[in-house]
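Below is one structure; the comments refer to it alone.
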Amino acid sequence: MDITVYNIDFQVIYILDTYESLLWTDRYFKEGEFEIYTPISEDIVNNLKPDYYLSISESEHMMIIEDLTIETNVETGNYIKIVG
């Protein structure tokens, strides 16, 4: 499942197609939430920023990136957790 990334002007700027895990929760009466966990790369750092929007084809809702956290592990390497 591809994740489409939009800037604050709703222009498509990136397609995220490789990640370790994706949690995407749609809700009817209040805002949903998501979490993406993926190895860090220059493309991700350059194209995913707070206040950017995400969408997936399986959902009719867009999500807003609220926070990005870099996690380092000696055994698995550097990962980034993106939530909103």
Side-chain angles (χ1 to χ4, degrees):
M1 168 179 1
D2 291 344
I3 303 167
T4 306
V5 181
Y6 303 83
N7 64 14
I8 58 173
D9 296 321
F10 295 102
Q11 299 170 330
V12 175
I13 59 165
Y14 187 67
I15 303 294
L16 179 60
D17 57 358
T18 54
Y19 45 86
E20 291 286 321
S21 68
L22 168 65
L23 300 172
W24 189 280
T25 305
D26 284 324
R27 293 198 174 90
Y28 188 73
F29 287 110
K30 62 181 197 175
E31 61 275 348
E33 60 189 11
F34 75 91
E35 178 181 300
I36 302 167
Y37 190 72
T38 185
I40 196 165
S41 71
E42 187 175 342
D43 281 343
I44 289 174
V45 171
N46 290 335
N47 292 302
L48 280 83
K49 300 182 186 295
D51 298 327
Y52 278 18
Y53 300 90
L54 304 178
S55 71
I56 58 174
S57 60
E58 288 79 3
S59 173
E60 61 187 36
H61 300 105
M62 295 182 90
M63 301 283 187
I64 302 172
I65 298 173
E66 293 178 342
D67 191 36
L68 296 96
T69 306
I70 297 173
E71 300 178 0
T72 302
N73 184 313
V74 174
E75 294 177 10
T76 59
N78 296 327
Y79 281 78
I80 189 164
K81 183 169 72 170
I82 306 149
V83 296

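Everything numeric in this text was worked out from a predicted model, so none of it was measured. One is the number of the first residue; the rest follow in order along the sequence.
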Legend entry - T72: side-chain hydrogen bond (donor to acceptor under 3.5 Å, both in side chains) partners, not counting sequence neighbours: N78
Could you go through residues 61-71 and list every donor-acceptor pair under 3.5 Å that involves a side-chain atom there, pairing it with any protein atom two or more places apart or in another chain?
residue : atom : partner : partner atom : Å
H61     : ND1  : D26     : OD1          : 3.2
D67     : OD2  : T69     : OG1          : 3.3
E71     : OE1  : Y37     : OH           : 3.4

Inset, instruction - Answer yes if I13 and I56 sit in the same cluster of Ile, Leu, Val, Met, Phe, Trp and Tyr residues linked by side chain heavy atoms under 4.5 Å apart, and no otherwise. - result: yes
Legend entry - Pairs satisfying salt bridge (charged side-chain N to carboxylate O under 4.0 Å, His left out), at least one member in residues 31-52, at least two apart: R27-E33
Legend entry - Nearest-0.5 Å distance, OH of residue Y14 to CG of residue N7: 15.0 Å
Legend entry - Remaining members of the apolar cluster that contains Y28, side-chain heavy atoms under 4.5 Å: F29
Inset, instruction - Scan T38, L16, T18 and name whichever one has a side chain to side chain contact (heavy atoms under 4.5 Å, CB included) with I3. - result: L16
Legend entry - Cluster link M1 to L48, ILVMFWY, side chain under 4.5 Å: yes
Inset, instruction - Please identify each residue that fulfils side chain to side chain contact (heavy atoms under 4.5 Å, CB included) with D17, with sequence neighbours left out. - result: D2
Inset, instruction - List in chain and number order the residues that pass side-chain hydrogen bond (donor to acceptor under 3.5 Å, both in side chains) with E58, two or more places apart in sequence or in another chain; answer none if no residue qualifies. - result: none
Legend entry - Contacts of type side-chain hydrogen bond (donor to acceptor under 3.5 Å, both in side chains), residue Y6, not counting sequence neighbours: S55
Legend entry - side-chain hydrogen bond (donor to acceptor under 3.5 Å, both in side chains) involving N47 - partner list, sequence neighbours excluded: none
Legend entry - Gap between atom CD1 of I40 and atom OH of Y79 - 0.5 Å precision: 11.5 Å
Legend entry - Any residue meeting ring pair (Phe, Tyr, Trp, His ring centres under 6.0 Å) with Y53, in chain and number order, not counting sequence neighbours: F10
Legend entry - Single-linkage hydrophobic cluster, 4.5 Å side-chain cutoff, I8 and V45 together: yes
Inset, instruction - Indicate the atoms forming the closest heavy-atom contact of W24 with L54, along with that distance. - result: CH2-O, 3.6 Å
Legend entry - Working for side chain to side chain contact (heavy atoms under 4.5 Å, CB included), residues F34 and T25: CA-CA 6 Å; F34 75 91; T25 305; over 6 Å; no
